[in-house]
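Here the structure is laid out as structure tokens; the discussion comes afterwards.
Within every chain, numbering begins at 1; the chains are lettered A, B, ... in the order of the sequence lines, protein sequences first and strands thereafter. Since the structure is predicted, the reported quantities are computational estimates derived from the model, not experimental observations.
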Amino acid sequence: MFARVAFLPVAVVFAVSVLFAMYLWQVGPGGKDISTLPSALIDKPVPEFELAPIEGRQLGLKSSDLKSAGLSLVNVWASWCPPCRVEHPYLMSLAEKGVTIFGINYRDKPADALRFLKSLGDPYKRIGADTTGRVSIDWGIYGYPETFLVDRTGRIRYRHVGPISPQVIETVLNPLMDKIAAK
Amino acid sequence: MKITVLSLILFVTPALAIQPDEILKDTVLEERARVISKELRCLVCQNQSIDDSDAPLARDLRVLVRERLQAGESNEEVINFVVDRYGDFVLLRPPVKASTLVLWLSPVAALIVGIFLLLTWFRKQKQLVPVQAKPLSEEEKKKLQAAFKRDEG
């Protein structure tokens, strides 16, 4: 009897250690990164907003643009954000393949943002300048860059925190876009 | 002198992240803003409240909380506004819900398991019967006496 009970604490300690190890390396079940949060806005319509263009550009961004564009990506970026530079080539290639990408330029100096687009290319159909960060709060943004997948009714279907990579495009975005487009 | 320095050290409070220009003139509203800020997690540095954090997002949220209070919203309305955008994780004290039940019940479960283990251990202790020593045989007694005698001699 006692031998059977004595193994229980060992099992508990083992289970807790496994849990701690998962948190230490930030891996959830199925290899998911558990440090990123689920968006509170999934399957909800995009927040109402209207942003002026980056100074020196023509087109700003407002919520109704997202409702009339078909399936689109909304990418929150800034010229001062290093991971935004890392993901930029992949946004460019998505745009070349015909994916509609909108930009929210977060707390940037217009001159810096324009220089960024001039040197690295401009994949965005329209860009709104969020100079105060207020619209980003409405989108629940906490890390840069973030990318949202918005369906043609203007509903947020997916949120990716951090830079887009070929792997993310291949394993997450493409299948999801195909699935939504098929409906 | 020493005492003055010591008492000064004792009364030092941790530096606040809040900037002077954020503080509201209305002390009642400011007090409420501080209470709310302590409840909200800074999502950039996830184990700090927005009241403690220097992150720009924390600052934006502090300003937002104060603006909404000035617009006449209740503490609850302000907190719900932020939760609507960032989800329950933004609350440093998670609400009791179906999805957080495991979180709330696990300490209770751990306590129950602990009590159960202690009880079984105590019961086991009680069941142990002290071993009765067999009385010495005649031969052993003789040997013992012989040993005592040898010692005295």
Side-chain angles (χ1 to χ4, degrees), chain A residues 1-16 19-20 23 26 28-29 33-49 76 78 80-81 83 104 106-108 130-146 148 156 159 161-162, chain B residues 22 40-48 50 53 55-68 71 78-91 94-95 97 99-100 102-103 106-107 109-128:
Chain A
M1 164 66 191
F2 194 67
R4 243 181 299 153
V5 176
F7 119 96
L8 204 71
V10 179
V12 170
V13 168
F14 180 74
V16 172
L19 207 66
F20 282 177
Y23 272 86
Q26 309 227 304
D33 184 349
I34 48 177
S35 66
T36 60
L37 306 175
S39 171
L41 296 173
I42 295 295
D43 289 334
K44 291 194 184 139
V46 294
E48 288 298 319
F49 70 97
V76 185
W80 46 260
C81 137
I104 293 178
Y106 176 78
R107 281 181 177 270
D108 218 341
D130 188 14
T131 48
T132 62
R134 197 45 64 86
V135 169
S136 297
I137 288 179
D138 285 338
W139 281 77
I141 281 151
Y142 70 97
Y144 311 95
E146 287 191 21
F148 294 81
I156 294 173
R159 187 249 308 251
V161 179
Chain B
E22 295 171 25
L40 295 176
R41 184 192 304 273
C42 165
L43 292 145
V44 180
C45 27
Q46 300 186 349
N47 286 328
Q48 283 187 310
I50 60 168
S53 174
L57 177 64
R59 184 196 153 90
D60 287 349
L61 285 172
R62 283 196 300 269
V63 172
L64 176 105
V65 162
R66 283 167 174 77
E67 274 181 20
R68 300 202 76 84
V78 175
I79 287 177
N80 285 341
F81 180 89
V82 180
V83 170
D84 282 346
R85 283 151 183 78
Y86 286 96
D88 285 335
F89 189 74
V90 79
L91 299 173
K97 276 202 206 174
S99 57
T100 58
V102 175
L103 180 71
S106 54
L111 188 68
I112 291 172
V113 169
I115 290 174
F116 170 77
L117 284 178
L118 269 182
L119 283 181
T120 39
W121 187 70
F122 278 132
R123 209 180 308 148
K124 194 80 197 168
Q125 290 284 304
K126 247 191 234 166
Q127 282 169 359
L128 291 176

- Heavy-atom pair of closest approach, residues A:Asp138 and B:Arg85: OD1-NE, 2.7 Å

- Only counting residues at least two apart or in another chain, list the ones meeting side-chain contact (heavy atoms from CB on, under 4.5 Å) with B:Val44. B:Cys42, B:Ala55, B:Leu57

- So which part of B:Gln127 gets closer than 4.5 Å to some heavy atom of chain A, the side chain, the backbone, both or neither? neither

- For B:Asp60 against A:Thr132, the heavy-atom pair lying closest together: OD2-O, 4.0 Å

- Message: Looking at every heavy atom in both A:Ala40 and B:Gly87, which two are closest together, and how far apart are they?
- Response: CB-N, 3.4 Å

- Query: Which bit of B:Val90 comes within less than 4.5 Å of chain A, counting heavy atoms only: side chain, backbone, both or neither?
  - Reply: neither

- Contact part of B:Asp84 toward chain A, heavy-atom cut-off under 4.5 Å: side chain, backbone, both or neither? backbone

- Query: Using non-hydrogen atoms only, which part of A:Ile137 is less than 4.5 Å away from chain B: side chain, backbone, both, or neither?
  - Reply: both

- By a 4.5 Å heavy-atom criterion (distance strictly below it), what part of B:Tyr86 contacts chain A: side chain, backbone, both, or neither? both

